[in-house]
Amino acid sequence: MPELPEVEVVRSGLIPAVTGATVWRVEVLDERSLRRHPGPSEDFVDRLTGVSLVAPSRRGKYLWVPFADAEEALVVHLGMSGQVLLRDVDAPVAKLTRIVMWMDQPAHGPVRVDFVDQRIFGSMAIDRLVPTSDVAGERIPASVAHIARDPMDPHFDDRQFFDRLARRDTTIKRALLDQTLVSGIGNIYADEALWAARVHYDQPTRALSRPRARALLAEVREVLGKALAEGGTSFDAQYVNVNGASGYFAHSLNAYGRQGEPCPRCGRPIVREVFMNRGSHFCPTCQRVRVAGGARG
DNA sequence: CCGGACTCCTGGTTGC
DNA sequence: TGCAACCAGGAGTCCG
């Protein structure tokens, strides 16, 4: 499940290949990967063929490559299983490849960018760029404008986040996964940050004290930052690859996928419960629901 | 505003 | 061994 760190690895890997590149051919092998493109695949191909690209941007789990005209961008979401692969122009096309783009980059020469996606929850689309509501001169695809800034964004407003969190009548993991409140966090890093901060996934946000909320956000940044660092070290510039949980970050997980194994902090077994139709991994000893004014749950 | 159900999807795993 | 059922879940939409 690609989350912020994995998407950022893809973004940074794409920089040398696509910045200043001109697209000269596009082939859509599976139209389902264009589900979020408003129009038929011919429209996607026509609008992308011949354009020049600038350096890719990211917000949360969304990635986009603006066109040099600054009016539109190629928007990418990896979904559950999406990968962006850089290949030689005549390399064989891998199984499950949904979209293939050929481009020329002045310094790097010809390159092929393949969008591979097993489960097809990911997508590519062309969308117009609109100004952001909070930073002058900054633009974002219209379809991404509703997504909140991520915690690694220099313009992320901590205080506004805490205020919105406190005002919400919901529980903390639901809030962490709500991309309109804070973006980039998925199931894996939510469980990891909650474990690190000793917060139960079903903790009501209104009963989460400001200091504990502050500590949780710090752990979110710690977890994402660590994953970014590990992704950065294992990244091969010739081959942009994302494998999510089974990929490079799996070995450093404390809670996610470790049900039955001892909690690295207290030694008691990690438990997995189904919450929001996905697995929640936590230590029932370290992570307890607290109600306002006391400890219990 | 909130949450639950539903939808999209298929390789790998489990169970009989 | 064969095959069906099940599982993983990001995000949008609809509905109560």
Side-chain angles (χ1 to χ4, degrees), chain A residues 1-11 28-38 41 58-64 75-84 94-99 115-125 127 140-150 163-194 201-208 220 224 227 241-247 249-250 253 255-260 270 272-282:
Chain A
M1 300 113 255
E3 305 181 24
L4 185 154
E6 292 82 0
V7 180
E8 176 57 23
V9 166
V10 172
R11 190 195 71 84
V28 177
L29 305 181
D30 195 323
E31 302 214 3
R32 293 174 298 179
S33 290
L34 295 180
R35 195 179 320 136
R36 306 201 60 73
H37 178 77
S41 64
R58 181 186 57 75
R59 178 177 287 197
K61 304 172 201 173
Y62 280 89
L63 169 71
W64 64 92
V75 182
V76 185
H77 196 290
L78 300 174
M80 289 291 299
S81 53
Q83 294 172 277
V84 180
K95 211 170 55 165
L96 308 175
T97 302
R98 313 298 184 183
I99 297 170
F115 183 66
V116 181
D117 190 8
Q118 181 213 124
R119 279 175 252 187
I120 323 189
F121 279 13
S123 66
M124 283 190 163
D127 193 16
I140 191 168
S143 54
V144 185
H146 66 293
I147 299 293
R149 291 185 184 277
D150 63 63
D163 288 346
R164 291 184 67 193
L165 198 60
R167 256 184 276 124
R168 287 258 176 130
D169 188 12
T170 189
T171 54
I172 190 61
K173 183 169 176 183
R174 199 180 289 280
L176 288 180
L177 295 177
D178 182 348
Q179 306 294 304
T180 68
L181 187 63
V182 54
S183 70
I185 306 165
N187 201 42
I188 296 175
Y189 297 122
D191 280 3
E192 289 302 301
L194 288 167
Y201 67 83
D202 217 13
Q203 169 72 46
T205 53
R206 282 186 166 158
L208 185 71
V220 165
L224 295 178
N241 198 354
V242 171
N243 287 316
S246 59
F249 309 145
L253 300 175
Y256 183 86
R258 301 183 64 104
Q259 58 270 27
I270 296 287
R272 178 182 190 275
E273 290 178 3
V274 175
F275 174 71
M276 290 177 73
N277 282 321
R278 42 171 72 70
S280 268
H281 312 75
F282 70 106

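Just so it is clear: chains get the letters A, B, ... in the order the sequence lines come, proteins before strands, and each one is counted from 1. Only this structure's heavy atoms are used, side chains among them; waters, hydrogens and symmetry mates stay out.
Nucleotide C:dG10 holds its P atom 7 Å from the CG atom of A:L177, rounded to whole Å. Rounded to whole Å, the distance from CG on A:L78 to C1' on C:dA11 is 13 Å. One interatomic measurement links the two molecules: NE2 of A:H146 to C1' of C:dA11, which rounds to 8 Å at whole-angstrom precision. One atom, CZ of A:R119, and another, P of C:dA11, lie 14 Å apart when rounded to the nearest Å. The CG atom of A:L4 sits 14 Å away from the C1' atom of C:dG10 (whole-angstrom rounding). As a whole-Å value, the separation of A:K173 NZ from C:dG9 C1' is 10 Å. Rounded to whole Å, atom C1' of C:dG9 lies 18 Å from atom CD of A:E273. Atom C1' of nucleotide C:dG9 and atom CZ of A:F275 are separated by 14 Å, given to the nearest angstrom.
Note on A:G122: nothing from the nucleic acid sits closer than 4.0 angstrom, heavy atoms only. Using a 4.0 Å heavy-atom distance criterion, A:R272 is classed as a sugar-phosphate-only contact. As judged by a 4.0 angstrom heavy-atom cut-off over every strand, A:E3 is placed among residues making no nucleic acid contact.
Side-chain contact between A:R168 and A:D178 is present, with at least one heavy-atom pair separated by less than 4.5 Å.
When the side-chain nitrogen and oxygen atoms of A:Y256 are compared with OP1 and OP2 of C:dA8, none of them lie within a distance under 4.0 Å. OP1 and OP2 of C:dG12 both lie 4.0 Å or more from every side-chain N or O belonging to A:H77. Taking only side-chain nitrogens and oxygens, A:N277 never comes nearer than 4.0 Å to OP1 or OP2 of C:dG9. When the side-chain nitrogen and oxygen atoms of A:K61 are compared with OP1 and OP2 of C:dA11, one or more of them lie within a distance under 4.0 Å.
Between A:Q118 and A:I185, the one whose closest nucleotide on DNA chain C sits nearer the 5' end is A:Q118. Residue whose closest nucleotide on DNA chain B sits further toward the 5' end, between A:T170 and A:R35: A:T170.
Applying the 3.5 Å distance criterion, the base of C:dA8 shares no donor-acceptor pair with the side chain of A:R278.
A salt bridge is absent between A:D117 and A:R32; no separation between the charged side-chain nitrogens and carboxylate oxygens falls under 4.0 Å. The existence of a salt bridge linking A:D191 and A:K173 is confirmed by a sub-4.0 Å separation between a basic side-chain nitrogen and an acidic carboxylate oxygen.
Across A:G60 and A:S183, no two heavy atoms sit closer than the pair CA-OG, 3.2 Å. Contact between A:P2 and A:L78 at its shortest, heavy atoms only, is CG-CB, 3.6 Å.
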* To do: Could you give me the CA-CA distance, side-chain angles and deciding distance for A:E273 and A:Y201, then say whether side-chain hydrogen bond (donor to acceptor under 3.5 Å, both in side chains) is met?
  => CA-CA 10 Å; A:E273 290 178 3; A:Y201 67 83; 2.3 Å; yes
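The closest donor-acceptor contact from the side chain of A:E192 to the backbone of A:Y256 lies under 3.5 Å. Counting only distance, with no hydrogens or angles, the side chain of A:R59 and the backbone of A:I147 share a donor-acceptor pair below 3.5 Å.
The nucleotide range of DNA chain B contacted by chain A, defined by atoms under 4.0 angstrom from heavy atoms of the protein and reported 5' to 3', is B:dC2 to B:dG11.
Look at A:F121 and the base of C:dA11; the rings do not stack under the cut-offs of 5.5 Å between centres and 30° between planes.
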